[in-house]
> 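Structure below; questions to follow.
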Protein chains: 2
Amino acid sequence: MVRAILTDPGAQELAEFLNEHLRSPGALVQVVGEFEVFYRGRAASVAEAGDFLLLVKPDGSVQVHSHRSVKPVNWQPQTDDLRVVFEDGIAVLLAERFTPAELLRVGFLAPALAVVLELREGGDFLLFGSEAEMQRALAANPEVIEPGLCLVHMELPTDVGGIDLLARDAHGRLVVVELKRGRASHEAVHQLNRYVESVRRVAGEAVRGVLAAPSVTAPALNRLGELGLEFREVSALPSSEAVEPAQPGLFA
Amino acid sequence: MVRAILTDPGAQELAEFLNEHLRSPGALVQVVGEFEVFYRGRAASVAEAGDFLLLVKPDGSVQVHSHRSVKPVNWQPQTDDLRVVFEDGIAVLLAERFTPAELLRVGFLAPALAVVLELREGGDFLLFGSEAEMQRALAANPEVIEPGLCLVHMELPTDVGGIDLLARDAHGRLVVVELKRGRASHEAVHQLNRYVESVRRVAGEAVRGVLAAPSVTAPALNRLGELGLEFREVSALPSSEAVEPAQPGLFA
DNA sequence: GTTTCGATATCGGTT
DNA sequence: AACCGATGTCGAAAC
């Protein structure tokens, strides 16, 4: 699991260490110390000298973390080219991506620690309560949205995007359903409205629009009313039983 | 910078180590090993036994990384409560947030390494090419969008959101400008269309709509045409000079 | 506290 | 490769 640890390396020593381990398959390389970070690509940024933690994963992704926040200060998803150069007496990591063209440059001003890890691929990762899961559940039980509702289509493409659920109500009217796994905002309302207008144009009949979500913001609810659309409360996690572990108290 | 390193700790030993250092101010705590991770809150997830890297920053944010991807497998922004318990012979980290109610549970099945770091707050972080910067630049020089354009408002609130720039063209017609720092998609077109329709309702006069971005997707450009709106190519990073470091070749 | 919006969004699926 | 939409989006600013 821990392949190598190097404390208080010199610049040359760090460069050699990184050159060796960044090439080896499966290696997650970490460096801690005082860095200077430059980025240039979709935007450009400069992080002046400060203490950072660098992670380079085996897939070539790079992230530079500061003392706060989940989000790294600088990063690079899966790089196409990774190399370490020795410049003006300091080791420098160059992480490059081709599409989009981006370059991240980390200058190791004062490295304090370098660690090489091997994280074997683990077991499954299961997520409950995604919009996709909600969609499957409601497609199987449309009456949860409204009694008498009958599914016509799922992910029906229109000229303005895919409709989550298309159904007919008890009176045979077409119903466009837009799902949100979390609190629905006015964006969801506009999305629904576009779908409803598109279906009206094509079908040439009365079409209802329903926003199905666990909750909705006040402005979104107002806009829904103005546009003649409806809201239905639907929870994303159908029953807590489903995700509760075998023995109780694991989440206590 | 490096406060403590513990290799191959026992469960009890790790629990004590974490209890000591998670409380100390400014400590960034890291654990590497085989974990099991549960999450329950806005959604729910289970990561079966596997190798992970845990980071707990001084601000209480928690992230669990696997061997791939910039994004952690599980995380928790700034937690309200962090504690380590000893359960069934293993050390367990409980990271809780109150709003929204969320709990992350990391079971250290086989810890291999624990490190405590102190990352002092660093120098400034400068970002170039944000939409806000683009907005300021175009507000100061509206003729870059179109000769004769004259700024009327910036971030003008409407009933459907804030208009980036409102201007008048050489003929005195109102022009709604929507900015995007990256390639504009059909979402940006619909956003612009909502603003234009809102201004038309209020102003009761002819209103043009301009999408200003470095590029636009083909479907978005089609939709723009259908809606009678316009596209103007504007780059987010005005000149490469501005972000180029003093001595050339730093980004080479 | 709520809502909104930008982001170097990232990431995955589909065309 | 481009496009599209979800995300436990995160994070900051405006209200």
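The sequence lines fix the lettering, A, B, ..., with proteins before strands; numbering per chain opens at 1.
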> When you match Thr99(B) and Val73(A) each to their closest nucleotide on DNA chain C, which lands nearer the 5' end?
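Of the two residues, Thr99(B) wins.
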> Report the residue (Gln78(A) or Gly161(B)) whose heavy-atom-nearest nucleotide on DNA chain C is the more 5′ of the two.
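That would be Gly161(B).
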> Which pair of non-hydrogen atoms, one from Gly182(A) and one from Pro214(A), has the smallest distance, and what is that distance?
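Shortest heavy-atom separation between Gly182(A) and Pro214(A) comes out as O-CD, 3.5 Å.
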> Would you tell me if any nitrogen or oxygen in the side chain of Lys180(B) comes within less than 4.0 Å of OP1 or OP2 on dA7(C)?
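Answer no for this pair, as no side-chain N or O of Lys180(B) is under 4.0 Å from OP1 or OP2.
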> Consider the side chain of Arg183(B), meaning its heavy atoms from C-beta on, and name the nucleotide among dG8(D), dC3(D), dA6(D) that approaches it most closely.
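Side chain of Arg183(B) sits closest to dC3(D).
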> Could you tell me how far apart Arg68(B) (CZ) and dG12(C) (C1') are, to the nearest whole angstrom?
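Distance check: Arg68(B) CZ to dG12(C) C1' gives 10 Å.
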> If you check every side-chain atom of Pro77(A), which of dC10(D), dG8(D), dT10(C) has the closest atom?
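For Pro77(A), the side-chain atoms sit closest to dT10(C).
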> If you assign each of Asn74(B) and Tyr195(A) to its closest nucleotide in DNA chain D, which residue comes earlier from the 5' end?
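Result: Tyr195(A).
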> Write down the distance between CD (Glu133(A)) and P (dG8(D)), rounded to a whole number of angstrom.
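Taking atom P of dG8(D) as the reference, CD of Glu133(A) is at 12 Å.
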> Arg42(A) side chain N/O closer than 4.0 Å to the phosphate oxygens (OP1, OP2) of dA9(C)?
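Checking Arg42(A) against dA9(C): at least one side-chain N or O falls below 4.0 Å of OP1 or OP2.
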> Roughly how far apart, to the nearest Å, are dC4(D) and dG8(D) at atom P?
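Straight-line distance between the two P atoms is 22 Å.
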> Nearest to the side chain of Trp75(B) - dT9(D), dT8(C), dT4(C)?
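Shortest atom-to-atom distance from the side chain points to dT9(D).
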> Under 4.0 Å, heavy atoms only, any strand: does Leu127(A) hit a base, just the sugar-phosphate, or nothing?
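Leu127(A): backbone/sugar contact only, no base atoms under 4.0 Å.
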> Base, sugar-phosphate, or nothing: which does Glu187(B) touch, judged by heavy atoms less than 4.0 Å apart?
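The answer is nothing, as Glu187(B) stays clear of every strand by at least 4.0 Å.
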> Does Ala132(A) or Ser69(A) map to a spot on DNA chain D nearer the 5' end, using the closest nucleotide for each?
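Mapping each residue to its closest nucleotide by heavy atoms, the 5'-most match is Ala132(A).
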> Side chain of Arg181(A) only, please: which of dT8(C), dC10(D), dT7(D) is the nearest?
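For the Arg181(A) side chain, the nearest candidate turns out to be dT7(D).
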> The side chain of Lys71(B) is closest to which nucleotide in this list: dA12(D), dG8(D), dC5(C)?
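Of the options given, the side chain of Lys71(B) lies nearest dG8(D).
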> Please measure how far the P atom in dT7(D) lies from the corresponding atom in dA7(C), and state the result in whole Å.
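dT7(D) and dA7(C) have their P atoms separated by 22 Å.
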> How close or far is atom P of dT10(C) from atom CD of Gln63(A), stated in whole angstroms?
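Result: 11 Å.
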> Let's see if you can work this out: which of dC3(D), dG8(D), dT3(C) has an atom nearest to the side-chain heavy atoms of Pro219(A)?
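Per side-chain heavy atoms of Pro219(A), the pick is dT3(C).
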> Is the phosphate of dT4(C), meaning OP1 or OP2, less than 4.0 Å from a side-chain N or O of Thr217(A)?
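Yes, within the criterion.
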> Looking at dG6(C), dG8(D), dG5(D), which one has an atom nearest to any side-chain atom of Glu102(B)?
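So the side chain of Glu102(B) is nearest to dG8(D).
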> The side chain of Ser185(A) lies closest to which of these nucleotides: dC5(C), dT4(C), dC11(C)?
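The answer is dT4(C).
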